[in-house]
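Per chain, numbering begins at 1; letters A, B, ... match sequence-line order. Just so it is clear, the model here is predicted, and its values are computed rather than measured. For the numbers below, each heavy atom of this structure counts, side chains included, while hydrogens, waters and symmetry mates do not.
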Amino acid sequence: MARYNHKKIEAAWQGVWESQNCFSVTEDESRPKYYVLEMFPYPSGRIHMGHVRNYTLGDVVARYKRGRGFNVLHPMGWDAFGLPAENAAIENKVHPGKWTRENIKDMRTQLKSMGLSYDWSREIATCEPEYYRHEQKMFLDFLEAGLVYRKKSWVNWDPVENTVLANEQVVDGKGWRSGAPVEKRELAQWNLKITAFAEELREDLKQLERWPEKVRIMQENWIGRSEGAYIRFQYNGRDDRLEVYTTRPDTIFGASFCAVAANHPLAQELAQSNDALADFIAECGRMGTSEAAIETAEKLGFDTGITVAHPFVDGGELPVYVANFVLMDYGTGAIFGCPGHDQRDLDFARKYDLVVVPVVAPNDIDPASFSIGDEAFTDDGTIINSEFLNGLGVAEAKSRIIEKLEQMDAGEGTVNYRLRDWGVSRQRYWGCPIPVIHCKDCGVVPVPHDELPVKLPEAVTLDEPGNPLTRHPTWKHVDCPICGKAAERETDTFDTFFESSWYFARFCSPDADDVGFTKTAANYWLPVDQYIGGIEHAVLHLLYSRFFTRALRQCGYLDIDEPFAGLLTQGMVCHATYRDDDGSWTLPDDVVEADGGALTHRRSGLSVSRGRSEKMSKSKKNVVDPEGIIDTYGADTARLFMLSDSPPDRDLDWTDSGIEGAWRYINRLWRLVDEPSEAFCERGTPRPEQLSKAGQAVLRQAHKTIAGVSEDLDSFHFNKAVARIRELTNALDELDLATEGDGWVYRETLEILVQLLCPMLPHLGEEMWKALGYDTLLVDQPWPSADPEMVVDDVVTVAVQVNGKLRGTIELPKDCANARAEEEALKLETVAAAISGSAPRKVIVVPNRIVNVVL
RNA sequence: GCGGGUGUGGCGGAAUUGGUAGACGCGCUGGAUUCAAAAUCCAGUUCUGGCAACAGAGUGUCGGUUCGAGUCCGACCACCCGUACCA
């Protein structure tokens, strides 16, 4: 018996597809188009199981749609700028460009071994000037359109390395390499006005029907539209006023303090003459810039000694605090605190001994007896203790107080968004240069279009901290395009989300020279019909891309609003973790399991314990390298494992026994054609007039499987599709090839099976197709269609319950009368026994499903 | 902290969307084949009790709605993702 030689077979079919250019496509108005895109990888050097999963899912969709007659665009490229290249440069003394390009070469080979149906002629790498020159042009167009501005914002500063740290590089408030406490610094940064589209981005979520609801909800919450009011409080002893933003103007009579952010102008001003406050602000600055860090820190405040006047209470004074939980980026960077009806304000008031006055009472409680304990009351209710607002509901009180504020010029109603503008400046080398020039006389001057691209200089050193662009001897020195005097280039580069915000459009015309993409190609291919990638990109990458598309639309680049019509978010690939007795992580390959289940280390022989399954990561050493798996078992086996069992949006557990099981099934399929029985008939044999009962049943099942698998693939239930196909494989065993006609059913079913397998196991599919006697390519076969008559049964099994408890089943003709179903059900002995003579109170009949006898 | 998600046999999961819980696979047990093993094939496998027929329990926990709840509602627990400079 020959063993399935995956290495030879897979390489051979990959060669055939490539030499016949099977997957290269052009615009073709005569066919419906379908654009499948998987999130392109960062070229870290080796593909990981997450990539294998992502690209398998995309490939199944691409191949299936192709079979369904679509003109399928399925491209691949590299998200090639980013921090890891700089880290590698520092650690291994390799140039980021060299490192990245070599990684791309290695990963391309690995991806090709998976047999993915990419149009490789469209491959792009974002670190090449041919790519990034176009986004420099886009940036300048955005600048002209008023969608770009410069403003100061805070960054994590490592005082030892003299460099800006990413949030990821801040561990417990300290720099990851230096260990020095991180400081906040303010830098002038380029921002894109995503907030200009806040309402549109929110509103249009509704039309993204083929996006997971959870992603739409996350984006909606991220944008965070709120209706509230600005309120201006008069300072006591100063001429100016403190403007706060609140979503609860109705609780103004319960206000007991105001608080401003540490970087609020008032705090900054007061700190100049108040050392204690300056210390407090410095302390806040050591917290790091991430929202999680700020929100989970202990809530602290500093009483400035300044007070403001309550706008509606004569003589009412509110102390003004500087507080570490007030964010300068949200609203006005200042709040009024109403402890009775906001938990954070309540915690703060208890801590600093401030008054707590309830101003909203639950509707079902006597207001006189209502007081606030440890929990703020945040629900709707009736306004109390609030003069002219008393007795109103929350909503009415809001509009009444806003009216009043506007009359008094002490504030107004407003709509506010949590969404902040997108800061795109990065103080890093390995990114796309921001194409502007700073001139002492002319200010910020855009690089003239005919001087694009501003190329990254290759000759740099990364052996000292800081951005090499700033210390490059010549690169930044240029003449001002306006006045001609000596000026300096911007040395910041773009956030790498910039590249990934339009790459889907570049794939439509990857060779376009003078434009990022042609309108003709974009109009044909866009939007992406199905986008597939990790859930971790639910907000940032996907929201930036939605914004970028609108900004491009505004500048005349394209005519669509939404870049991705369909979205599938996949779960992570997990694996069991192992630790030795010291608690250090151990590679799964080094763990040996004895018969009794005891685990030991392969080399040291010391005992090892198995931890729970976690996301594969180098740090926990629970990674399985796809290259080894493909080498041992082949791409089809790896693909099958990725598709079986777990639905794509859930986490997937990698197990050795699982991959073994997939491998066994591949071999089982192979044997179906490798050692065919002589009774299995020739290709093209006409259908016999008579089929055995078993033959008819198997044929029906084959057609039901076509219908079921089609449905499963349309809805991305790949695991169910695999299960159905395995069931059909099992059904082949029901046939007795000695029986007249069963040989024909066997071949017919096998051909259907092979066609259904094609998108998931393309190499094995081709090989089986050939073995079945065909000299055409399976990949060019249209998807099979199910005979509708074979898909429906005329007899159904109906469950019979007594008081909701199953007592038996009956066979009934499909869609028979309820009376007949009831009659048959009551005839069951088990039913008679259960009701033991008493008359049923009622009988519920759900046609074709269930009869429930209620006593 | 906040936003979003997940939870079903020993394990991954399925369940026509309120109607027979456990499809399919993994693992395990027994058998066939083999000098032996691997591979392969056949049978069994939610738990408890029982030789069995069968009975009872059962979808993270507690409570509710319903003739009927894995599915709907309320409260809670655990874990995961994101949290604006990782990609």
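Closest approach to the A/Leu806 side chain among B/rU20, B/rG4, B/rG25 is made by B/rU20 (side chain taken as heavy atoms from C-beta onward). Comparing B/rC41, B/rG12, B/rC24 by their closest approach to the side chain of A/Arg668 singles out B/rC41. Set against B/rG1, B/rG27, B/rA14, the side chain of A/Pro647 has B/rA14 as its closest nucleotide. Listed nucleotides B/rG56, B/rA87, B/rG5 differ in distance to A/Tyr42; the shortest reach to its side chain belongs to B/rA87.
A stem is defined here as three or more consecutive Watson-Crick or G-U pairs, each with both distances under 3.5 Å; for RNA chain B these stems are B:1-7 with B:77-83, B:10-12 with B:24-26, B:27-32 with B:40-45, B:46-49 with B:54-57, B:60-64 with B:72-76.
An anti base is found at B/rG44: its glycosidic angle is more than 90° from 0. Base orientation for B/rU17: syn, the chi torsion being within 90° of 0.
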(request) Heavy atoms under 4.0 Å is the rule here; annotate nucleotides 77-83 of chain B 5' to 3' with B where the base is hit, S where only the sugar-phosphate is, and - elsewhere. (result) --SSSSB

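Under 3.5 Å, the side chains of A/Trp422 and A/Asp495 contain a donor-acceptor pair of N or O atoms.
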(request) Could you check A/Ile666 against A/Tyr4 for side chain to side chain contact (heavy atoms under 4.5 Å, CB included), going step by step and ending with a plain yes or no? (result) CA-CA 8 Å; A/Ile666 297 272; A/Tyr4 178 61; 3.6 Å; yes

Please list, pair by pair, any protein nitrogen or oxygen found under 3.5 Å from a nitrogen or oxygen in nucleotides 64-70 of chain B.
unit_1 : atom_1 : unit_2   : atom_2 : d
B/rC67 : O2'    : A/Asn852 : ND2    : 3.4
B/rC67 : O2     : A/Asn852 : ND2    : 2.5

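Using a 4.0 Å heavy-atom cutoff across all strands shown, A/Lys299 reaches no nucleic acid atom at all.
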